[in-house]
Amino acid sequence: MTDDADPDDGPEYDIDFRADPDAYEIGRGEEGVFKVEPYKSELLPLWSYRDEAAAEEAAEAIYERYERYRTNDEFPGMDMARKYLQMGYTRAMRYAKYPGGRKYDDDGTEREPQEWADPDKRAAALVFAEYWERVREDAAYQRAKARHRERTD
């Protein structure tokens with residue numbers, strides 16, 4: 001049920017990050033969302049930002065996975081869930097601001113954002129923002145992230 005999978009994101013890693021969590025690099029923003037297995041296969045089918053109802057269903061399902069990963073002490077899964085929530089926000093907001101989600105014209109010129117080009121996508125973005133913030137502010141997430149960085153730096 002993906003809305004925006006990027007086939008040019010490069011090949012997946014040849015690593016099972018559940019079996020080898022220390023191989024996981026946090027990266028910036030949404031890096032790795034289409035590469036890090038088995039989490040990509042578990043989270044991507046849940047992800048949708050078509051409208052507010054789809055976003056609510058998706059964000060709730062991804063957050064439930066986040067909670068499962070947290071219970072199982074799987075930081076790579078926790079972080080990937082955070083990334084999918086973040087990506088839900090950023091993708092939906094792009095469509096909310098730019099008709100058809102197109103930030104650039106055919107000649108490469110950046111288009112002026114509109115307020116709000118698609119109010120349904122804005123509503124979807126706000127749903128994801130709420131769940132994304134819950135993960136970022138979760139003390140267990142922050143502790144797990146710090147422990148992961150200590151182990152892998």
Side-chain angles (χ1 to χ4, degrees), residues 1-103 113 116-149 151-152:
M1 177 186 323
T2 66
D3 290 297
D4 204 22
D6 183 356
D8 297 324
D9 191 37
E12 293 179 9
Y13 300 110
D14 190 22
I15 299 170
D16 177 340
F17 288 94
R18 181 170 283 131
D20 189 5
D22 288 345
Y24 177 74
E25 294 180 21
I26 296 170
R28 294 185 40 168
E30 302 159 12
E31 279 181 354
V33 293
F34 300 121
K35 296 181 181 184
V36 174
E37 290 290 2
Y39 305 107
K40 176 197 107 173
S41 292
E42 295 170 0
L43 296 167
L44 185 58
L46 305 174
W47 182 70
S48 177
Y49 57 91
R50 181 177 49 257
D51 55 29
E52 185 176 10
E56 186 65 50
E57 183 179 324
E60 186 175 317
I62 292 167
Y63 190 79
E64 286 174 5
R65 289 289 174 120
Y66 166 78
E67 289 178 317
R68 188 179 315 162
Y69 300 143
R70 183 178 64 196
T71 298
N72 295 334
D73 196 29
E74 292 182 57
F75 176 73
M78 293 168 67
D79 197 49
M80 289 296 292
R82 184 227 8 119
K83 290 180 181 207
Y84 273 89
L85 295 168
Q86 179 178 355
M87 187 169 64
Y89 170 77
T90 58
R91 295 298 199 283
M93 192 57 80
R94 184 176 69 209
Y95 279 82
K97 291 180 179 182
Y98 300 96
R102 294 188 59 222
K103 192 172 178 178
W116 295 103
D118 187 334
D120 290 335
K121 292 293 192 280
R122 180 175 184 271
L126 296 177
V127 167
F128 277 106
E130 177 186 325
Y131 283 89
W132 178 28
E133 185 175 345
R134 285 169 66 183
V135 170
R136 284 191 326 234
E137 293 183 359
D138 182 22
Y141 172 77
Q142 293 172 5
R143 285 190 305 272
K145 184 176 180 181
R147 277 193 316 269
H148 186 78
R149 282 196 167 136
R151 278 197 314 269
T152 60

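All heavy atoms count here, side chains included; hydrogens, waters and symmetry mates do not. Computed from a predicted model, the values in this text were never measured in an experiment.
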Nearest 0.5 Å, what's the [atom1]-[atom2] distance between [X] and [Y]?
{"X": "Met80", "Y": "Leu44", "atom1": "CE", "atom2": "CG", "value": "9.0 Å"}
{"X": "Ile62", "Y": "Glu57", "atom1": "CD1", "atom2": "CD", "value": "10.5 Å"}
{"X": "Arg147", "Y": "Asp73", "atom1": "CZ", "atom2": "CG", "value": "5.5 Å"}
{"X": "Glu130", "Y": "Leu85", "atom1": "CD", "atom2": "CG", "value": "10.5 Å"}
{"X": "Tyr69", "Y": "Arg65", "atom1": "OH", "atom2": "CZ", "value": "5.0 Å"}
{"X": "Trp132", "Y": "Met87", "atom1": "CH2", "atom2": "CE", "value": "12.0 Å"}

Heavy-atom side-chain proximity of [X] to [Y] below 4.5 angstrom:
{"X": "Pro38", "Y": "Asp16", "answer": "yes"}
{"X": "Glu74", "Y": "Tyr24", "answer": "no"}
{"X": "Lys40", "Y": "Lys35", "answer": "no"}
{"X": "Arg91", "Y": "Glu30", "answer": "yes"}

- Glu67 CD: over 12 foreign heavy atoms closer than 6.0 Å: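 Check passes, neighbour count above 12.
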
- Message: Looking at Arg151, I want to see if its CZ is surrounded by more than 12 non-hydrogen atoms of other residues, nucleotides or ligands under 6.0 Å.
- Response: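 More than 12 heavy atoms, drawn from other residues, nucleotides or ligands, come within 6.0 Å of this atom.
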
Looking at every heavy atom in both [X] and [Y], which two are closest together, and how far apart are they?
{"X": "Arg136", "Y": "Arg82", "result": "CG-CD, 4.3 Å"}
{"X": "His148", "Y": "Asp22", "result": "CE1-CA, 4.3 Å"}
{"X": "Gly27", "Y": "Glu31", "result": "CA-OE1, 3.2 Å"}
{"X": "Ala81", "Y": "Tyr66", "result": "CB-CB, 3.7 Å"}

- Task: Check the side chains of Gln86 and Thr90 for a donor-acceptor pair under 3.5 angstrom, ignoring hydrogens and angles.
- Result: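 Distance-only check fails for Thr90 and Gln86.
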
- Query: What pairs with Ile15 under side-chain contact (heavy atoms from CB on, under 4.5 Å), at least two apart in sequence or on another chain?
  - Reply: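 Here the qualifying residues are Tyr13, Phe17, Asp20, Ala23.
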
- Query: Of all residues at least two apart in sequence or in a different chain, which pass the ring-ring contact (aromatic ring centres under 6.0 Å, His included) check with Tyr141?
  - Reply: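 Tyr141 satisfies ring-ring contact (aromatic ring centres under 6.0 Å, His included) with Phe75 only.
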
- Task: Please answer whether the main-chain N or O of Lys121 pairs with a side-chain N or O of Glu52 as donor and acceptor at a distance below 3.5 Å.
- Result: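 Pair absent, no side-chain N/O of Glu52 close to backbone of Lys121.
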
- Counting only N and O atoms by type, is there a donor-acceptor contact under 3.5 Å from the side chain of Trp47 to the main-chain atoms of Tyr84?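 Flag set: sc Trp47 to bb Tyr84 pair under 3.5 Å.
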
- Query: Any ion pair linking Arg68 and Glu42 (charged N to carboxylate O, less than 4.0 Å)?
  - Reply: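 Answer for the salt bridge query: no.
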
- Query: Under 6.0 Å between the ring centres of Tyr131 and Phe128?
  - Reply: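 Not close enough - the centres of the two rings lie 6.0 Å or further apart.
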
- Query: Checking side-chain contact (heavy atoms from CB on, under 4.5 Å) for the pair Met78/Tyr39: CA distance, chi angles, key distance, verdict?
  - Reply: CA-CA 9 Å; Met78 293 168 67; Tyr39 305 107; over 6 Å; no

- Item | Working for side-chain contact (heavy atoms from CB on, under 4.5 Å), residues Leu46 and Glu64 | CA-CA 11 Å; Leu46 305 174; Glu64 286 174 5; over 6 Å; no

